[in-house]
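Quick notes on the structure that follows.
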Amino acid sequence: MKESLPLFCIALLCIVSPIKAIPIPSEQEILHLREGYHLYSCQDEVLKIDDFIEKNNKKLDKYKHNVDLRYSLGFQQNVHWLDVELENETDSDLDRYLLIKYPLLEEIDFYHLDGANVIRSFRTGRKNSFSERFIKSRNFVFPIDIKRKSKVRIILRVRTDDILLLPIYILNDKLHFEEEKKEYLFFGLFTGVLAVMVFYNLFLYLSIREKSFLFYSTFIFCLGLGQLADHGFAYEYLWPNSPVLNRIAPIMLGNASALFALLFTLSIFYVDMRRYKRIRIFFIVLCGLIIINHFIILIDLSLGALINAAAALVSIFSVFFLSFHFVLKQKKTATYFFIAWSVFLFSACTYYLLQLGYIEYSFNKIQILQYGSTFEATILALLLGNKFKDLMKREEFIRKFALEERNRSKLRLAAQELNQLKQREEVFMDIHDAIGSVIVDIKLEVSKLNPKKKVTQDQIDRLFRLAKQAREGLKDRIYLLEDWKVFEDDPLEGIRLLMIRRYHSGGRFFTLDFDSSLEDVLKRAFDLEKRKILFYLILEIINNDLKYGKGESLWQLRRDSIKGVILFLRTETDYKSSSQTGKGTLNIVQRVSKLNGLLHIEQSEVYFCLEVTFPHMS
């Protein structure tokens with residue numbers, strides 16, 4: 001199997017020469033290890049610590065490389081050995097720390113040698129529990145003791161499944177504490193800003209139930225937590241006893257960030273994926289990559305990192321496509337959105353170029369992703385603030401509209417109550433007119449009764465007839481009110497029910513032929529007042545037919561393309577017309593006139609025909 005050479009460095013095979021010792025820096029200096037070391041790259045089982053102790057030159061020569069540790073070595077799955085010698089030129093013993101400022105290394109073996117003797121050794125890495133670390137720090141810190149006027153040899157064995165970055169520093173405990181304090185302060189501010197964004201927008205979501213705020217909060221939460229996991233803070237404070245979660249958390253959170261970034265973009269622009277076929281394809285591909293990645297990272301972390309990068313690329317391309325699409329439509333929101341994502345993309349590209357070895361490592365450069373994330377989160381929060389204002393304006397408009405509609409509803413209810421009161425008064429007046437005279441007659445008959453005289457059978461029969469007449473009149477008026485309620489909602493059903501009741505009580509038969517499509521025509525053409533006139537018109541015609549007709553009556557209600565709507569009645573009769581027009585006929589004429597209809601009557605010795613035409617109805 002061929003050895004994999006580090007990226008972006010010159011691989012040179014050379015003769016092993018004595019390592020020039022590196023002077024230990026003063027109390028106020030931090031030494032960034034850039035030269036004076038030897039680096040060996042090989043498979044896991046090839047080199048052992050004994051090879052370095054015994055100075056097995058023939059074996060070491062094959063795997064020695066000259067590289068600059070200020071740059072990343074890229075994706076490496078080989079084992080790397082670093083050999084360096086430190087010298088104390090002072091007259092006092094020195095205590096220093098060796099700091100590896102990159103918390104994503106899988107395995108680290110630290111060997112502190114004095115000549116050929118291993119004085120101290122440690123084994124750590126993110127595959128090990130956090131509690132096993134000798135110095136509890138998110139980075140990897142190892143103590144070095146150097147006696148005055150002496151040299152020590154440090155050997156590091158490093159292996160990782162991800163990008164290999166070895167920023168190594170030599171410093172004392174005071175400087176280490178100050179550096180840690182600066183980093184914790186920076187990431188504390190970063191975490192605080194994102195936490196405020198997350199909880200504030202989550203609170204807004206719970207208040208107004210707008211999905212954009214939920215997707216934004218979830219995206220920022222996953223983005224921030226993923227970066228804390230990338231820099232070792234999550235392992236130190238959230239899951240210190242779960243090495244497996246520590247390895248896969250950055251990739252899983254990166255997948256979640258990519259997914260919720262796209263969902264947030266879709267929601268803030270109200271994008272329906274059914275209309276945007278490309279976005280639908282991107283979304284399906286992204287979900288597929290995320291699902292596959294969750295299985296891959298448990299088997300091959302390096303491949304999982306590459307799939308995560310592909311998912312991020314799909315998400316970012318989709319977001320940029322959408323934002324640029326809406327920028328072209330001259331949407332102000334899309335312009336700010338595009339700027340925010342451009343800054344974030346620039347910071348992300350710089351960060352990954354640094355990790356891949358194209359840019360020299362420094363603490364300020366590796367923090368650029370946090371700067372970009374903070375800027376993006378702030379701009380997007382401002383956009384959501386404007387959206388919140390718009391939602392509040394819309395809600396205020398809806399509230400005013402609902403209040404106006406409620407007032408209109410109250411007015412309608414008041415009008416309906418007034419109409420019902422008027423109808424009740426009309427009913428009472430109708431009942432009074434119908435049976436009032438009968439009650440007066442009963443009262444007069446009762447007053448004629450003399451307790452001293454015997455009541456005759458004629459008087460009793462007359463009282464019974466009057467009581468029956470009053471009862472039938474009241475019953476008739478109640479049925480009439482029920483028929484009107486049906487007629488008010490469904491004119492054709494009301495006409496049919498009215499005829500059934502009247503002809504049945506009169507002992508007559510009838511046939512009704514009508515066009516069912518006339519229901520909508522009658523409702524459109526007649527308002528409530530005219531509908532009531534039509535109701536009493538039909539009632540008057542029925543009463544006249546029951547009074548003067550005989551046999552079976554034929555009714556028709558049909559549409560005519562020329563004449564309009566026609567109401568037709570044909571019945572047998574023995575009625576002899578006179579020169580005077582009856583009261584019933586006069587009522588029919590008046591009601592037809594109020595409805596702007598035309599009345600035509602034909603009468604012979606045997607038949608009576610009545611036709612009412614409404615010419616303006618179609």
Between [X] and [Y], ring centroids under 6.0 Å:
X: Phe219; Y: Trp341; value: yes
X: Phe233; Y: Phe187; value: yes
X: Phe326; Y: Phe321; value: no
X: Phe52; Y: Tyr40; value: yes

Is the charged tip of Lys211 near the ring of Tyr205: under 6.0 Å from the six-membered ring centre and within 45° of its axis? no
Between Tyr97 and Ile135, the two heavy atoms sitting closest are CE2-CD1, 3.3 Å
Which pair of heavy atoms, one from Ala348 and one from Leu369, lies closest together, and at what distance? CA-CD1, 3.7 Å
Salt bridge (Lys or Arg N to Asp or Glu O under 4.0 Å) test vs Glu107 passes for just one of Arg123, Lys127, Arg126, namely Lys127
Specify whether Phe324 and Phe338 have parallel, tilted or perpendicular ring planes, treating 30° as the upper limit for parallel and 60° as the lower limit for perpendicular. tilted
What class does the angle between the rings of Phe264 and Phe337 fall in, given that below 30° is parallel, 30 to 60° is tilted and above 60° is perpendicular? tilted
Is any side-chain N of the basic residue among Arg96 and Asp145 closer than 4.0 Å to the acidic one's carboxylate O? no
Keeping to residues at least two apart or across chains, list the salt bridge (charged side-chain N to carboxylate O under 4.0 Å, His left out) pairs with something in residues 220-248. Glu106-Arg247, Asp161-Arg247
Would you call [X] and [Y] a side-chain contact if the rule is heavy atoms closer than 4.5 Å?
X: Trp81; Y: Leu39; value: no
X: Asn241; Y: Ser131; value: yes
X: Leu354; Y: Leu165; value: yes
X: Val141; Y: His176; value: yes

Evaluation steps, side-chain contact (heavy atoms from CB on, under 4.5 Å), between Ile163 and Leu104: CA-CA 8 Å; Ile163 292 174; Leu104 300 182; over 6 Å; no
So, [X] side chain and [Y] main chain: donor-acceptor pair closer than 3.5 Å or not?
X: Asn201; Y: Val198; answer: no
X: Ser257; Y: Leu223; answer: yes
X: Tyr216; Y: Ala377; answer: yes
X: Asn246; Y: Ser242; answer: no
X: Ser347; Y: Phe344; answer: yes

Rounded distance [0.5 Å steps], [atom1] in [X] versus [atom2] in [Y]:
X: Asn172; Y: Ile144; atom1: CG; atom2: CD1; value: 12.0 Å
X: Leu113; Y: Ile155; atom1: CG; atom2: CD1; value: 4.5 Å
X: Leu33; Y: Ile22; atom1: CG; atom2: CD1; value: 5.0 Å
X: Leu171; Y: His32; atom1: CG; atom2: NE2; value: 12.0 Å
X: Ser121; Y: Asp109; atom1: OG; atom2: CG; value: 8.0 Å
X: Leu82; Y: Tyr37; atom1: CG; atom2: OH; value: 7.5 Å

Check the side chains of Ser137 and Asn139 for a donor-acceptor pair under 3.5 angstrom, ignoring hydrogens and angles. no
side-chain contact (heavy atoms from CB on, under 4.5 Å) assessment of Asp83 paired with Arg153: CA-CA 7 Å; Asp83 189 358; Arg153 191 179 180 190; 2.4 Å; yes
Where at least one partner belongs to residues 220-229, residue pairs that pass side-chain hydrogen bond (donor to acceptor under 3.5 Å, both in side chains), sequence neighbours excluded: Gln227-Gln370, Gln227-Ser373
